[in-house]
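In what follows, a single structure is set out as structure tokens and then discussed.
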Protein chains: 2
Amino acid sequence: MFPGDSPETPAESFVETSTPLTDLHASPQCPSLLEVLSRIGDKWSLCAIGQLYQGPLRFNKLKRSIDGVSQRMLTLTLRNLERDGLVQRTVYPTNPPSVEYQLTELGHTLIGPVKGIFDWAQSHRTDIQQARERFDAQNPEMAQR
Amino acid sequence: MFPGDSPETPAESFVETSTPLTDLHASPQCPSLLEVLSRIGDKWSLCAIGQLYQGPLRFNKLKRSIDGVSQRMLTLTLRNLERDGLVQRTVYPTNPPSVEYQLTELGHTLIGPVKGIFDWAQSHRTDIQQARERFDAQNPEMAQR
DNA sequence: CAGGATCCATGGCGATACTG
DNA sequence: CAGTATCGCCATGGATCCTG
């Protein structure tokens, strides 16, 4: 599946990075990369962001557009995104009330990097799929799901 | 930091994407974007990948390099990464046994996109920090942590 | 050294019911 | 319509002990 890389050479030729990709935890008093990743890695945040990326949406419309989300989780998700400044919540004092959600400018800047991951996942989903099948075949019932 | 994108226009001119960033769930029989994100968004995967990106490592050395990880979680994390074809596990039948972990080629391709997120988090951590403080100040005790 | 097995705490998340 | 409140499940993850 992934050729190259002489199979029996354990410890040679590793690359240097400008940003060493360490320091994932332990960022003093600022939200660490892990916090960011946990936020966008949770079950619904990216779905909400993806929908709001198409344009502003009211709560129930957003809810209907995200299949399977409970109203509780959508509320919590939007609260967190709002708290982090990624989503803006606007209340229109109509009757019945309507609340509109939209991406903030900061939220829009996240789209690019996320699309990077998204495209990677798209490009390599079959690789991953096949790797899993090989692994599960070789390790008969270590399969955890 | 992120110029362009007119600051005060709330609900107009949202961009069109080639990949609409929808279809996060519900990918038929292939690992969805959410699965990928859940994997790399879990507590230790990125730490392990970040360390292995520096070069191959044996289990305990890897464990010592990741502060706070339990041996159980490191094992599970590495298993999942191996299952997904991101990490290769090589056993050397010495005595006592030594096991070396290294990124696969597929694993290396993930570095780029992840660095995108990483850099975004770095660039905007203070923005997020400030947004949180404003939010917590305005919503006195809605603060969940 | 590199795990496996077990126990247990926490929190993410869903379901349901209620409200301004 | 857009939430809040409450309950309970279960997956994640930590601590500890044991093994080839």
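Within every chain, numbering begins at 1; the chains are lettered A, B, ... in the order of the sequence lines, protein sequences first and strands thereafter. Only heavy atoms go into these numbers, but all of them, side chains included; no hydrogens, no water, no symmetry mates. Only a predicted model underlies this, so the values are computations on that prediction, with no experimental measurement involved.
From the 5' end on, the contacts that DNA chain D makes with chain B at under 4.0 Å to a non-hydrogen atom open and close at D:dG13 to D:dG20. When DNA chain C is scanned in the 5' to 3' direction for atoms under 4.0 Å from non-hydrogen atoms of chain B, the outermost contacting nucleotides are C:dC1 to C:dT6.
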Could you walk me through whether B:W120 and A:I111 pass side chain to side chain contact (heavy atoms under 4.5 Å, CB included), step by step? CA-CA 10 Å; B:W120 183 91; A:I111 296 289; over 6 Å; no
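A:Y92 comes within 4.0 angstrom of nothing in the nucleic acid, heavy atoms only. Counting any heavy atom pair closer than 4.0 Å across all strands shown, B:R58 reaches sugar-phosphate atoms only and no base atom.
In this structure, B:I40 and A:I117 have side chains that are in contact, with non-hydrogen atoms separated by less than 4.5 Å. A:V36 places none of its side-chain heavy atoms less than 4.5 Å from the side chain of B:F118. Contact annotation: the side chain of B:I128 approaches that of A:L106 to within less than 4.5 Å [non-hydrogen atoms, C-beta and beyond]. The side-chain heavy atoms of A:D119 and B:P113, taken from C-beta on, include no pair separated by under 4.5 Å.
A:D84 pairs in a side-chain hydrogen bond (donor to acceptor under 3.5 Å, both in side chains) with only one of the listed residues (B:Q129, B:H124, B:R132), which is B:R132.
Each of A:V99 and B:G41 was assigned the nucleotide of DNA chain D with the nearest heavy atom; the assignment lying further toward the 5' end belongs to A:V99. Mapped onto DNA chain C by nearest heavy atom, A:P97 and A:Q71 fall at different nucleotides, with A:Q71 at the one closer to the 5' end.
A:L52 and A:Y92 fall into different hydrophobic clusters, defined by Ile, Leu, Val, Met, Phe, Trp and Tyr side-chain heavy atoms under 4.5 Å apart, directly or through other members.
Open room surrounds CZ on B:R134; 12 or fewer heavy atoms of other groups in view lie less than 6.0 Å from it.
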